[in-house]
Amino acid sequence: MVNSTTVEQSCLSLLNRCKTLKSLKQVHTHFFKSGTDSDAFVTGNLILHSAILISDALHHAHSLLLHFPNPDAFMYNTLIRGFSDSDHPHNSLTTFIQMRRNPNVKPDSFSFAFVLKSAANLQSFDKFITGIQLHSQSITHGLDTHLFVGTTLVNAVTSRVRVGCINEMPVRDLISTNIMIAGYMKSGEVRLAKSLFFGEMPVKDDVSWSTMIVGFAHNGCFDEAFELFIQSRRSGLRPNEVSLTGILSVCAQAGAFEFGKTVHGCIERSGFVSLHTVNNALLDTYCKCGNINMARLVFDRMPGRKTIVSWTTMVAGLAMQGYGEEALKRFHQMEESGIEPDGITFISVLYACSHAGLVEHGVRYFSMMKDRYGIDPTYEHYGCMVDLYGRAGELEKAHDFITKMPVKPNAVIWRTLLGACSVHGNVNLAEFALNKLAELDPNDSGDHVLLSNIYAVAGKWKNVATVRKSMNSQRLVKTPGWSMIEVDKIMYSFVAGDEQNEVINEARTNLRNIMLRLRDEGGYAPEVIGSVLHDIEDEEKENAVVTHSEKLALAFGMSRLCDGKVIRIVKNLRVCKDCHTVMKLASKIFRLEILLRDRSRFHSFRDGSCSCRDYW
DNA sequence: TTAGGGTTAG
């Protein structure tokens, strides 16, 4: 008699040799003939191989599950995970719901962890939670077939219930709890992640800490991220390759140069300085913090052969700071070193051309990408080309390029054209682009604000009023602008129209004095026309413009940072023209170096001028 | 018995 363990082991070894769906089906036929295909372990592994280990076999895994008489939790879990990485991630959620409907199966920690991850990636966390909640209610009430009963119950779901629902998990081990924290963080549920991490995890590992740290940053809570990193060090946790790249990415996102330098020191001491991943993250941090000299140093001293990520990061970093020629030089060095560029490299190359006004070069690189390297352009590449022509003021060429694109232009493409129209004041083309945007993505308030600004600059006040009215009726709210500045390794953020507090008051007081000196010594007059504030009095206009968040950050930095230090500001939106003028004047009158990272590039202000050459 | 987590280039 054959031992069942032996049968299962031989089944596994057969499956492990399968690399294609075809060979898997042959093995399946073999199982069928020997009668082992009715075994749950065998089918479970068939599903695992088709859903995860072999490409393009997910549909086969699904059909295996559908045809198996009594599928178990392992099979459902495997399929939930398989769908989460597929073209139809939503099927993870439906598979989970099917599992809940099967009275013979109970979800375990794997089920919750996998489906939560999918839900977070789909950004449908609320639907997922609501779905589970409603479903458990509907089971109790005998309404199983009506999964989503209605909005009344949806509205009744409170945070307390959400936590309760996650507590349904029968087993909660360390790994699944870590995945849940990541899921909460990705879906913006910082409070729930914190309550799990601080309240319900007596045992944490390095992944738990890292998940929290990068999760905080993902939600804009940079101070909490840095604080937790410090706490993790204090509690004796030794950093590793992944946690270091993680904290560096937090510094890069925040533009936290001082904290980044501390982490750099920690890397030098820990011996992780020889790792490519860590070096690449460090390089990116210096680029995103605007310190191109440190970035060059890290890049040039990188041990061993540089990877495509190292080269592309360097090219992108140079491009962002307006060093177009050097970015292209590095690109050619990359080619010479035998590393073949990919689509992402070309995005950086095209970006470099566009921000340095190198139109002809950009056109050549765009052709080279396809002709020499066989890379098909994506929407991002097309977007770069529209930006390239648009920035250079060749708006008709930009429009012409869009009409000749082999794919249907998306909202980003039209938005890029709209942005260019705004810079160059082309009202007709702007209206045309906005009409396209109204079809594709009508809810973006930024688009309406841009058009309204274009009308304002052209003096078309009636049109401005119409746009504002339509924004109000559609309840479109402007994205609030914020700026951050790092002082003594602490990130201070400023939001226009923020409530009063000590920091804001300090910034406001200092700002008033700064503005007076700019007016008296620099001849500053506020830029009010383009600020969509035509319907209020002049004096109010000035006040409203004056309090843009980057000005508050500047004033705060000037009062807190010692002389000679570069003022580094990070802003979430594009800098407005008036703030740009203020930064230029301030750099001259107060003999300051100001570095402003906005949504699209770096502005380096020195002695009254900016590295963007007033073009952004 | 089979499975799972945090990170780096636009």
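Reminder, nothing fancy here: chain letters follow the sequence lines and each chain counts from 1. Computed over heavy atoms, backbone and side chain alike; hydrogens, waters and symmetry mates excluded.
Among the protein residues, A/Ser210 comes within range of the nucleic acid bases, having at least one heavy atom under 4.0 Å from a base atom. Counting non-hydrogen atoms under 4.0 angstrom, A/Ala182 reaches nothing in the nucleic acid. Among the atoms of the strands shown, base atoms are found under 4.0 Å from some heavy atom of A/Asn240. Nucleic acid contact for A/Ser348: sugar-phosphate only, since backbone atoms but no base atoms lie under 4.0 Å from a heavy atom of the residue. Nucleic acid contact class of A/Ser243 (heavy atoms, under 4.0 Å, all strands): base. Among the heavy atoms of the strands lying under 4.0 Å from A/Thr245 is at least one base atom, whether or not backbone atoms are also near. Residue A/Lys288 is classed as a sugar-phosphate contact, given heavy-atom separations below 4.0 Å to backbone atoms only. Within 4.0 Å of A/Asn279, counting heavy atoms only, lies no atom of the nucleic acid at all. Residue A/Asn45 is classed as a base contact, given a heavy-atom separation below 4.0 Å to a base.
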>> Does A/Lys194 form a salt bridge (Lys or Arg N to Asp or Glu O under 4.0 Å) with A/Glu189? I'd like the steps, not just the answer.
In response: CA-CA 9 Å; A/Lys194 278 165 83 170; A/Glu189 297 282 349; over 6 Å; no
> Hey, mind stepping through A/Arg597 and A/His603 against side-chain contact (heavy atoms from CB on, under 4.5 Å) and telling me if it holds?
Replying inline: CA-CA 6 Å; A/Arg597 184 178 101 188; A/His603 301 263; over 6 Å; no
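Side-chain nitrogen and oxygen atoms of A/Lys306 include none within less than 4.0 Å of the OP1 or OP2 phosphate oxygen of B/dA9.
The stacking criteria are not both satisfied for A/Phe74 over the base of B/dA3, which would need a centre-to-centre distance under 5.5 angstrom and an angle between ring planes under 30 degrees.
One atom, CG of A/Leu283, and another, P of B/dT8, lie 14 Å apart when rounded to the nearest Å.
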